[in-house]
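Ligands are counted one by one from 1 in listed order, and the atoms in each one are counted from 1 as well.
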Amino acid sequence: MQYVFGPVPSRRLGFSLGVDIIPAKYCTYDCIYCQIGKTTNREIDRRSFFDPQVIINEIIDKTTKIGPVDFITFSGSGEPTLNADLGMLIRELKKNTAIPVAVITNGSLLYLEEVRKDIIEADVVLPSLDAVSEDTFRCINRPHPALAVEKVISGIKTFRKEYSREIWLEIMLIRNINDETIELERMKKIVSGIGAERVQLNTVTRPPSEGSTGRLQDRELARICKLFGPACEIICSFEKTAEIPSQAEWTDIIIETLKRRPLTLEDIVNTTNLSHFQAKGRLRDMEEQGLIKSYLFEDNTFYMAT
Ligand code: SF4
């Protein structure tokens, strides 16, 4: 599989089949917390990266071979709205499968009407907004020079007016950068003006692009969650366990997933339904074969494809 990965346990979407329609690493941002690594192509111009029919065929083929999943999710190695075929892909999926479609986006291109139209048929859209002041925005997201935070906020607000389904807005909180009271108070005002069905607080729990990026403690997240009100939640644990893939399949599943995000042993146990003991043994073998590597971050061991 070239474009489809998983299904993987997702903190927000339960059990999700990932679709990656962006080459690593094209993005409109170069976030300091990015778990994929540094952006090599920071762009805002949309284009067709791959043959969309091949992507559709691959997704449909995969859905016929796996058990039930909660979502087909466009996410992956960069910003999915940079792919100009996204609208066609979503429309084709809606025609060919009953599985709900989710789009995880950084929201930066929602000021473009063509992007808003492209994702209007998704069942849920998950944009992010990590800052509301220009300095903080530049510090965290390191956007393409043509982007400004006002433009991003206004794009998300316009999309809200046009889109009747659910928007789940993610805020990545980073120690000493966007956890200051002034920024949070401003953020609260703007976020309540957007009117997302859910506001989801996250912090840096996976190895970030910049090693110095710090996470918030649980009690700090709880305090900020209270500040944002009843629509706000902290996203921090996997809730679902996967259907069991065959043993032959699971190595591929893990490698394809590890190419796009680092996982802990716990994540891999949830993805494969192997026991901890079995998963450890397989990971050790894969590491010895040079397929993956492991490293320590915040007291957790993460695995990543080499
Ligand atoms: S975290 Fe998302 S938006 Fe930020 S650089 Fe990585 S892929 Fe792009």
Tyr29: partners by ring pair (Phe, Tyr, Trp, His ring centres under 6.0 Å), with sequence neighbours left out = Phe137

Under-4.0 Å heavy-atom contact between protein and atom 2 (Fe) of ligand 1 | no

Donor-acceptor side-chain pairing of Asp130 and Tyr33 below 3.5 angstrom = yes

Can a salt bridge be assigned to the pair Glu113 and Arg116 using a cut-off of 4.0 Å between side-chain N and carboxylate O?
-> no

Do Asp135 and Ser133 have side-chain N/O donor and acceptor atoms under 3.5 Å apart?
-> no

Do Asp285 and Gln289 have a side chain donor and acceptor closer than 3.5 Å?
-> no

Taking atom types as modelled and ignoring hydrogens, do the side chains of Glu170 and Gln200 form a donor-acceptor contact shorter than 3.5 angstrom?
-> no

In ligand 1, the atoms that come under 4.0 Å of a heavy atom of Tyr33 are 1 (S)

What are the protein N, O or S atoms, given as residue plus atom name, that sit under 2.8 Å from atom 8 (Fe) of ligand 1?
-> Cys27 SG

Side-chain H-bond candidate by donor/acceptor type, Glu79 with Thr105, under 3.5 Å = yes

